[in-house]
Amino acid sequence: MDRVVLVRRGGDAVELRECDDDGAEDRVTVVPAAVLADVVREREGAAVRWVWDDTTRWYPALLEAGVRVERCWDLRLSHAVLRRSPFVDQGLLTGEDTAGWDRLQPVTAADPALFPLDDPADLLDPVAEHGRQLAALAAAAERGRLGLLLAAENSGALVAAEMTFAGLPWRADVHERLLTELLGPRPPGGSRPATLERLLTEIRGAFAAPDLNPDSPGSLLRALQASGLPVGDTRSWTLEQLEHPGIPALLEYKKLSRLLQANGWNWLDSWVREGRFRSYFLPGGVVTGRWASNGGGALSVPAQVRPAAVADDGWRFVVADVAQLEPRVLAGMSRDEAMAEAARSTDLYAGMVAAGAVATRADAKAGMLGAMYGATRGESGRMMPGLTRRYPRAIGLVEEAARAGERGEVVHTLLGRGSPVPRGRAEQPDEPGEPPDAGESAEDRDRHRRAWGRFTRNFVVQGTGAEWALCWLADLRNRLWRLGAGTVEERPHLVFFLHDEVVVHTPEHLAGEVVAAVHRAAAEAGRLLFGAFPVDFPLDVAVVGSWADAG
DNA sequence: CGTACAGGTCTA
DNA sequence: TATCTAGACCTGTACG
């Protein structure tokens with residue numbers, strides 16, 4: 001397949017350097033930046049992979065011009081994967097501007113306007129970096145897996161930009177009605193809404209604290225203790241355990257205050273424009289390979305405000321999520337036949353009960369969460385011996401990951417994403433990590449070592465789960481494109497992705513085909529990661545008018 | 001007066 | 001007897 005490396009030449013020209021999959025260069029052309037979108041649109045007719053320093057620096061402008069690309073190679077994201085992967089000979093990846101690629105950050109909501117001469121990306125040579133990456137991949141152990149990871153990561157970069165471009169349909173009028181019903185009318189100048197004022201008066205009376213500000217944890221804690229309540233913190237969960245006439249009003253205040261602060265009128269003003277909530281998704285933003293987000297708290301949109309996410313007239317949302325993704329991924333990556341058998345049922349935890357591994361569904365859930373998060377005590381910890389007997393390969397895999405982390409070793413996901421090197425173990429001379437703290441006791445060191453073991457234990461499962469989800473997303477993106485005609489936002493398109501859940505915005509008459517596509521993409525993701533090994537990934541899928549109506 | 005951190009709450 | 005993974009982001013408060 002042809003590859004075209006895009007290189008900025010000053011503010012108003014772009015160099016196109018053609019090469020093949022080995023990086024051997026063919027010809028070079030220079031075009032004015034103003035016609036780049038037309039050039040890309042024309043070349044998209046044939047198979048081509050666009051190679052660029054960073055998708056967030058190139059793709060938004062193409063999408064604005066109505067151009068969608070099929071494939072890219074994001075040097076920033078690929079660099080980050082290759083730099084950490086234990087499959088890679090790091091010597092092949094090292095060049096004089098490696099530190100610059102290490103530091104390169106995506107363009108996000110916080111700094112949308114980088115001027116050409118201020119952008120650190122302009123100091124980097126994409127052609128040289130591309131060559132190093134191809135050489136590193138070609139020589140890698142497990143080249144096939146690592147190649148799949150890079151393909152999925154690069155496809156995710158395109159999805160992320162397309163989701164920000166399209167935006168999640170959001171009805172400000174529905175959201176405002178919800179706020180007014182719960183909080184009262186929008187008060188002027190950011191003062192407290194009527195409902196909060198009323199609750200505040202009640203709380204101050206109940207705790208005999210006329211100046212109490214419940215938004216100040218310190219003064220709230222002192223007021224509670226002065227009323228004789230035996231509390232050490234002011235979390236809602238703690239307060240729910242208490243018997244006191246002021247508690248219900250306080251809990252209600254905290255809940256509504258949180259709504260106001262996180263998703264109130266200010267949020268609407270900041271993040272909703274022209275009927276769309278536009279946040280920035282950051283592929284690879286979490287070390288495990290999960291996405292992070294930036295702007296509007298897209299990864300924690302409360303269920304409370306989801307009624308305001310409403311599909312356009314004549315359109316629907318297809319909302320799909322995977323049931324128990326991570327235990328299923330663990331069954332597949334450890335090739336644990338017994339756990340895969342439990343995963344054959346729609347409810348994996350019920351499957352574990354049916355197999356006699358645990359007594360109840362609650363035990364199954366607590367035990368699996370404990371196995372993946374590293375609980376050794378309490379409810380979850382008690383399940384571990386039984387699970388280990390019944391599922392030795394699955395439990396053995398996470399246990400080994402934990403032991404490796406405790407020894408300070410790097411662990412990796414199925415496709416080869418590597419865990420960070422623990423502090424104090426970094427080998428780069430310019431990044432010595434934290435020097436050993438002379439004041440740290442043996443107990444502290446032991447606690448840190450076990451905490452790092454819990455992190456690496458979770459890393460292999462959460463990270464491989466993220467790889468499954470990326471493959472699902474990438475395959476779904478291609479299927480959705482083939483279902484319609486026109487630009488991205490005229491066809492069925494992804495508008496939201498959160499670890500194991502997707503939301504597709506689709507013309508109503510295509511909803512049935514989108515549902516089928518979501519299922520087929522999930523089956524394909526399982527095949528890509530686990531081949532013929534029989535582990536199922538059943539989906540909960542809903543066709544709805546509002547996001548709140550799913551699930 | 002701006003930055004850093006603590007505490008809290010939402011997400012999977 | 002037992003709160004254990006990964007994030008974003010708000011306010012209040014301490015600090016330089």
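Proteins get letters first, then strands, A, B, ... in listed order; numbering begins at 1 in each.
The phosphate of C:dC4 (OP1 or OP2) has no side-chain N or O of A:Arg454 nearer than 4.0 angstrom. The phosphate of B:dT9 (OP1 or OP2) has a side-chain N or O of A:Ser236 nearer than 4.0 angstrom.
Heavy atoms of A:Ser216 sit under 4.0 angstrom from primed sugar atoms or phosphate atoms, though from no base atom. Residue A:Asn213 is in sugar-phosphate contact alone, with no base atom involved, counting any heavy-atom pair closer than 4.0 Å across all strands shown. If you check every strand for non-hydrogen atoms under 4.0 Å, A:Lys255 touches nothing. If you check every strand for non-hydrogen atoms under 4.0 Å, A:Arg306 touches sugar and phosphate atoms only. Residue contacts shown for A:Asp321 are absent, as no nucleic acid heavy atom lies under 4.0 Å away. Residue contacts for A:Ala303: at a heavy-atom cut-off of 4.0 Å it reaches the sugar-phosphate backbone alone, with no base atom in range. A:Val461 comes within contact range of no nucleotide atom at all, as no heavy-atom separation falls under 4.0 Å. Contacts of A:Ser219 with the nucleic acid, taken as non-hydrogen atoms under 4.0 Å apart, are absent. A:Gly218 comes within 4.0 angstrom of nothing in the nucleic acid, heavy atoms only. Among the heavy atoms of the strands, none lies under 4.0 Å from A:Ser257. A:Gly370 comes within 4.0 angstrom of nothing in the nucleic acid, heavy atoms only.
Of the candidate nucleotides B:dC10, C:dG7, C:dT5, C:dG7 has the atom lying nearest to any side-chain atom of A:Val287. Of the candidates B:dA12, C:dC4, B:dG8, the closest approach to any side-chain atom of A:His499 belongs to B:dA12. The listed nucleotides are C:dA8, C:dA6, B:dG8; the one nearest the side chain of A:Pro217 is B:dG8. Among the nucleotides C:dT11, C:dA6, B:dG8, the one closest to the side chain of A:Asn458 is C:dA6. Listed candidates were C:dT5, B:dG7, C:dC4. Nearest to the side chain of A:Phe455 is C:dT5.
Here A:Tyr373 counts as stacked on C:dT5: its ring centre is under 5.5 angstrom from the base ring centre and the planes meet at under 30°.
A donor and an acceptor atom sit less than 3.5 Å apart, one in the side chain of A:Arg258 and one in the base of B:dT9.
In this structure A:Trp265 satisfies the ring-ring contact (aromatic ring centres under 6.0 Å, His included) test with no other residue, sequence neighbours excluded.
The 5' end of DNA chain C is approached more closely, in terms of each residue's nearest nucleotide, by A:Glu379 than by the other of A:Gly297 and A:Glu379.
For A:Trp267 and A:Phe277, the ring centers are positioned less than 6.0 Å apart. Note: A:Trp547 and A:Phe496 meet the aromatic proximity criterion, with ring centroids under 6.0 Å apart.
In this structure, A:Ser419 and A:Arg84 approach most closely via the heavy-atom pair O-CD, 4.0 Å.
Taking CG from A:Leu299 and CZ from A:Phe281, the interatomic distance works out to 7.0 Å, rounded to the nearest 0.5 Å.
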